[in-house]
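The next block holds one structure in the form of structure tokens; read it before the comments.
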Amino acid sequence: MDEIRNPFSPGAGTPPPELAGRSALIDRIKLLLARVREGRPGKSALLVGLRGVGKTVLLNELENLAEQIGYKTILVEAHESKSLTALLAPSLRKLLLSLDRMENVSNKVRRGLRVLKGFVNGVKITLGDLEIGLDIEAEAGTADSGDLEADLPELFIAVAEAAQDRKIPVAILLDEIQYLSAKELSALIMAMHKMAQKRLPLVLIGAGLPVLAGLAGDSKSYAERLFDFPEVGPLAPDDARQALREPAQKEGADFTDEALDEIIRLTQGYPYFLQEWGYQSWNYAPQSPVQLADVKHATPRIIERLDANFFRVRFDRLTPREKDYLRALAELGAEPQRSGDVAAVLGVKVQTVAPLRDSLMKKGMIYSPAHGDTAFTVPLFDTFMKRAMPQLPGKGGKT
């Protein structure tokens with residue numbers, strides 16, 4: 001098998017050769033984009049799912065689709081060390097300046113730049129050498145109070161009105177939304193509420209871990225009426241086969257049915273792992289079709305790679321006590337587990353591990369699918385924990 005022609009692409013956000021099993025979700029967002037472009041109401045969408053299901057890939061695909069039908073787009077990724085304001089302001093500046101360079105002077109666009117300058121001044125953050133625009137004075141009294149929940153909606157209104165004046169819709173695509181602070185999430189929801197009320201051509205397409213729907217609902221009770229929360233999960237067996245077989249066939253190769261069945265069993269249909277097993281199995285196979293034996297020979301190397309990279313980067317962010325908690329959770333299995341059962345494995349009271357559970361949720365390692373339940377956000381992490389920590393923590397939560 002020619003390794004140069006290997007079609008599979010394991011990587012963070014790397015587009016797969018075949019985006020299988022997502023057509024219904026993509027069609028749903030395409031309808032939203034079309035309605036907003038025509039000035040009709042539509043719910044913004046927040047995609048939710050575990051790590052490795054392809055949320056970032058979908059956001060990139062949706063950005064391309066939006067641009068193809070005339071949208072201006074902003075794609076940013078939230079993270080723990082940067083504020084929402086610092087993420088959005090440079091992109092909003094770029095968007096407004098691109099609108100300002102179009103033919104004819106637009107007072108709405110100029111106003112958008114003035115409001116953005118006042119917003120940046122109001123929140124008093126450092127954005128490097130960000131210059132809002134030449135000879136632009138901040139608009140006093142609009143989006144400059146320093147209160148994000150009051151200012152962000154006013155900023156979005158100014159940006160959306162500028163876009164509307166140019167007859168151009170805007171799509172903001174925001175990844176890893178669960179990392180926003182409670183105030184940032186509240187401000188974002190309030191801003192999109194204004195977009196819906198005024199039917200302005202600005203739509204939000206976000207993505208985050210399964211906790212996102214609950215965080216949004218806790219922040220604002222009307223969030224469930226303002227957003228759709230499509231779930232992005234593992235691929236069904238037929239879609240998983242398509243994701244592996246079609247790219248291989250385009251390169252004149254194939255997998256046997258037995259090889260595909262084994263990969264699907266090992267990966268549980270999660271797209272990131274499908275790419276890993278497809279990539280390595282292709283390289284291990286001496287010729288087409290890839291056989292069951294090739295997959296079995298490749299699997300130890302794949303697990304070694306995942307342990308050293310995909311899993312290890314998350315494991316290394318944990319404190320010793322957090323590792324103990326996850327090892328206890330792994331002992332109970334991959335399914336959601338009761339908090340009291342995890343505490344029992346550690347030999348402590350449930351109140352003792354509550355702070356650990358909270359910190360692991362904030363780090364995006366676990367989530368609560370139902371009250372009192374705990375589950376991993378990273379597929380197959382339970383088996384990794386058993387490999388990384390073969391021995392259970394001792395009583396009292398110490399290894």
Side-chain angles (χ1 to χ4, degrees), residues 36-37 39 41 44 71-76 78 82-174 177 180-206 216 219-220 222-223 226-227:
V36 171
R37 184 187 59 186
S44 286
Y71 273 74
K72 292 282 187 180
T73 64
I74 294 171
L75 176 59
V76 291
K82 201 166 189 178
S83 71
L84 177 62
T85 301
L87 287 169
L88 288 180
S91 296
L92 290 173
R93 169 191 175 273
K94 182 179 179 181
L95 185 149
L96 287 166
L97 289 176
S98 72
L99 294 174
D100 195 42
R101 294 188 187 105
M102 297 174 67
E103 292 183 5
N104 303 321
V105 175
S106 169
N107 291 328
K108 292 284 189 181
V109 176
R110 287 284 170 168
R111 179 178 183 272
L113 286 165
R114 292 196 302 271
V115 172
L116 177 59
K117 189 164 189 177
F119 175 78
V120 171
N121 292 342
V123 294
K124 295 181 175 61
I125 60 166
T126 301
L127 295 177
D129 297 326
L130 175 64
E131 290 293 340
I132 299 305
L134 296 176
D135 302 322
I136 293 289
E137 294 295 330
E139 179 158 324
T142 304
D144 61 357
S145 71
D147 181 349
L148 189 64
E149 292 180 325
D151 293 347
L152 191 64
E154 290 187 340
L155 174 61
F156 273 31
I157 289 171
V159 171
E161 286 180 343
Q164 186 179 52
D165 189 57
R166 292 300 199 183
K167 296 180 171 57
I168 295 175
V170 173
I172 297 177
L173 300 103
L174 181 55
I177 293 186
L180 298 182
S181 70
K183 190 163 189 177
E184 288 173 335
L185 181 58
S186 176
L188 186 64
I189 293 171
M190 292 171 70
M192 294 313 302
H193 195 199
K194 289 293 185 183
M195 298 301 99
Q197 288 174 330
K198 293 178 175 291
R199 288 199 182 181
L200 289 169
L202 190 153
V203 64
L204 173 67
I205 304 171
S219 176
K220 290 288 179 286
Y222 55 78
L226 186 62
F227 297 103

inquiry  = Any heavy-atom pair between the side chains of Y222 and M190 that's under 4.5 Å?
reply    = yes
query = Looking at side-chain heavy atoms only, is the closest gap between K94 and P90 below 4.5 Å?
reply =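 No, too far: nothing below the 4.5 Å cut-off.
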What are the two closest non-hydrogen atoms of [X] and [Y], and how far apart are they?
X    : Y    : value
S219 : A182 : OG-O, 4.3 Å
S145 : D151 : OG-OD1, 2.8 Å
L148 : P153 : O-CD, 3.9 Å

ask   = Is the count of non-hydrogen atoms from other residues, nucleotides or ligands lying under 6.0 Å from K194 atom NZ greater than 12?
value =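 No, the 6.0 Å shell around NZ holds no more than 12 heavy atoms from other groups.
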Polar side chain donor-acceptor pair, E154 to T142, under 3.5 angstrom = no
inquiry  = Taking salt bridge (charged side-chain N to carboxylate O under 4.0 Å, His left out) as the cut-off, I'd like each qualifying pair that reaches into residues 180-192, sequence neighbours left out, listed once.
reply    =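 As it turns out, the salt bridge (charged side-chain N to carboxylate O under 4.0 Å, His left out) pairs with a partner in residues 180-192, which skip direct neighbours, are D147-K183.
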ask   = Do any N or O atoms from the side chain of D100 and from the backbone of L96 form a donor-acceptor pair under 3.5 angstrom?
value = no
request  = Have a look at L155 and tell me which of D144, V115, V120 forms a side chain to side chain contact (heavy atoms under 4.5 Å, CB included) with it.
outcome  = V115
request  = Using the test side chain to side chain contact (heavy atoms under 4.5 Å, CB included), find all partners of A196 that sit at least two apart in sequence or belong to another chain.
outcome  = L226
Check residues 197-204 and write down every donor-acceptor pair under 3.5 Å in which the side-chain atom is one partner and the other belongs to a residue at least two apart or another chain.
none

task = Start with the C-alpha distance between I172 and F156, add both sets of side-chain angles, then the distance that settles side-chain contact (heavy atoms from CB on, under 4.5 Å), and finish with yes or no.
result = CA-CA 11 Å; I172 297 177; F156 273 31; 3.7 Å; yes
task = May I have the step-by-step check of side-chain contact (heavy atoms from CB on, under 4.5 Å) for V76 and S91, ending in yes or no?
result = CA-CA 8 Å; V76 291; S91 296; 3.9 Å; yes
request  = Kindly compute the distance separating OG (S44) from CG (L174), expressed to the nearest 0.5 Å.
outcome  =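 That separation rounds to 11.5 Å.
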